[in-house]
Amino acid sequence: MDLQGKVAVITGASRGIGFAIAEAFLANGAKIAICSSGEEGVNKAKELLLSKYPGADIFTAAADVSKREDCERFINGAAEHFGKIDILVNNAGITRDTLVMRMSEEDWDAVLNVNLKGAFLMSKAAVKLMVKQRSGCIINMSSVVGQSGNAAQANYSASKAGVIGLTKSLAKEFASRNIRANAIAPGFVKTEMTEVLKEDIKKTVLESIPLKRFAEVSDIANAAVFLASDNAGYITGQVLAVNGGLYI
Ligand SMILES: NC(=O)c1ccc[n+]([C@@H]2O[C@H](COP(=O)([O-])OP(=O)(O)OC[C@H]3O[C@@H](n4cnc5c(N)ncnc54)[C@H](O)[C@@H]3O)[C@@H](O)[C@H]2O)c1
């Protein structure tokens, strides 16, 4: 129970990696606040989590992380409900994959707004409280392609590289207030985001992964539990790659 008594806010937790992190945090004793852009998704997630952890204290909200008002409403609502926020996981993310020659300005803006601006807006709202508490932990979801780049993912790769810069800057800016900031850079994880990829692409990716398997969502959730715990108390400004050796 590495997170006993801690309060964690997780964005994009209606499914996939975010949901797995929510589940792992509950299993480790945390109280959680979860959001996703749609009300229905986040309510279903809460129901499912409650069926596994009856009586768990779960705060939910529909919040679009690319909108400042939504971020502030969600963070302040969670803080009012629980009295504090110890951990923020900026997990919400989208893809709009296509080659640069075909990529519209809208494709670029949409991905940057959710993946990068969303992490900034949520972090800004949360650190206001964490600074007063003189403690906090931020975990930002980057990606292997933020480190390596990827054809047909210029917008996504740029957003995930930006998340690394944001993480390192947060770490430097708030270390004196006992706030840590780290990023996780997953490789290829089995979720609905990657389910849409064509079989031949999946096969090529699989062949290039030294551990010869895609990540389970639990592989990423385990890394998040570690970074959020006091066991990682001396780790800040780092990018934890969870990629099966895909990018070393
Ligand atoms: N799946 C992978 O292989 C992989 C690899 C590297 C990084 N990641 C990153 O991990 C994170 C989660 O990925 P996933 O595969 O679970 O994705 P997913 O598509 O399964 O889930 C994304 C979640 O984000 C939420 N979301 C989307 N837009 C939002 C918005 N504007 N405001 C609030 N919530 C929003 C969705 O409702 C959903 O809950 C993302 O940041 C993604 O970029 C995923």
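Atoms within a ligand are numbered from 1 in the order they appear, just like the ligands themselves. Numbers for residues simply follow the sequence, beginning at 1. What you are looking at is a predicted structure, and each value in this text was computed from that prediction instead of being measured.
By the criterion of a heavy-atom distance under 4.0 Å, the side chain of Thr191, and not its backbone, is placed next to ligand 1. Residue contacts with ligand 1, taken as heavy atom pairs separated by less than 4.0 Å, do not involve Phe19 at all. With a heavy-atom cut-off of 4.0 Å, Lys160 touches ligand 1 through its side chain alone.
Summary of contacts: the protein heavy atom closest to atom 34 (N) of ligand 1 is Ser37 N, 3.4 Å. Nearest protein neighbour of atom 22 (C) of ligand 1, counting heavy atoms only, is Gly93 O, 3.8 Å. Looking only at heavy atoms of the protein, atom 3 (O) of ligand 1 is closest to Val189 N, 2.7 Å. For atom 25 (C) of ligand 1, the nearest non-hydrogen atom of the protein is Gly12 CA, 3.5 Å. Scanning all protein heavy atoms for the shortest distance to atom 10 (O) of ligand 1 gives Met141 CG, 3.3 Å.
In terms of heavy atoms, Arg96 sits closest to Glu106 at NH1-O, 4.0 Å. Taking each heavy atom of Ser142 and Lys160 in turn, the nearest pair found is OG-O, 2.9 Å. When all heavy atoms of Ala22 and Ile32 are compared, the closest pair comes out as CB-CD1, 3.7 Å.
Looking at Gly18, Ala92, Ala185, Ser159 and measuring to atom 26 (N) of ligand 1, the nearest heavy atom belongs to Ala92. When the heavy-atom distances from atom 32 (N) of ligand 1 to Ile10, Val42, Val65 are ranked, the shortest goes to Val65. Considering each of Asn91, Val111, Asn90, Ile17, the one bringing a non-hydrogen atom nearest atom 11 (C) of ligand 1 is Asn91. Across the listed options Phe214, Phe188, Tyr156, Tyr156 owns the non-hydrogen atom lying nearest to atom 8 (N) of ligand 1. For atom 7 (C) of ligand 1, the candidate residues are Ser142, Ala119, Cys35; the nearest heavy-atom contact is made by Ser142.
Dense packing is recorded around NZ of Lys6, with more than 12 heavy atoms of other residues, nucleotides or ligands lying under 6.0 Å away.
With salt bridges taken as basic N to acidic carboxylate O contacts below 4.0 Å, none links Lys44 and Glu47. Ion pairing between a basic and an acidic side chain is recognised when a charged N comes within 4.0 Å of a carboxylate O; Lys203 and Asp200 show no such pairing. With respect to Arg68 and Glu72, a salt bridge is recorded, a charged nitrogen being found less than 4.0 Å from a carboxylate O.
In the vicinity of Ala63, heavy-atom distances shorter than 4.0 Å reach the ligand 1 atoms 32 (N), 33 (C). Atoms of ligand 1 lying under 4.0 Å from at least one heavy atom of Ser14, given by number and element, are 37 (O), 38 (C), 39 (O). When each atom of ligand 1 is checked for a heavy atom of Thr194 under 4.0 Å away, the hits are 1 (N), 2 (C), 3 (O). Numbered from 1 in the order shown, with element, the atoms of ligand 1 that lie under 4.0 Å from a heavy atom of Asp64 read 30 (C), 31 (N), 32 (N). Under a 4.0 Å criterion applied to the non-hydrogen atoms of Ile94, ligand 1 contributes the atoms 27 (C), 28 (N).
Of the possible donor and acceptor atoms, none in the side chain of Asp86 sits under 3.5 Å from a partner among the backbone N and O of Ala8. The closest donor-acceptor contact from the side chain of Asn182 to the backbone of Gln238 lies under 3.5 Å.
Between Phe82 and Phe59, the two ring planes are perpendicular [angle over 60°; tilted spans 30° to 60°].
Within the structure, the closest approach of Gly187 to ligand 1 falls below 4.0 Å when heavy atoms are considered.
Backbone and side-chain nitrogen or oxygen atoms of Arg15 are examined, and one is located within less than 3.5 angstrom of a nitrogen or oxygen of ligand 1.
With Ile220 as reference, Val189 is the one residue of Thr191, Leu240, Val189 to meet the side chain to side chain contact (heavy atoms under 4.5 Å, CB included) rule.
For the pair Val9 and Met122, the minimum side-chain heavy-atom distance is below 4.5 Å.
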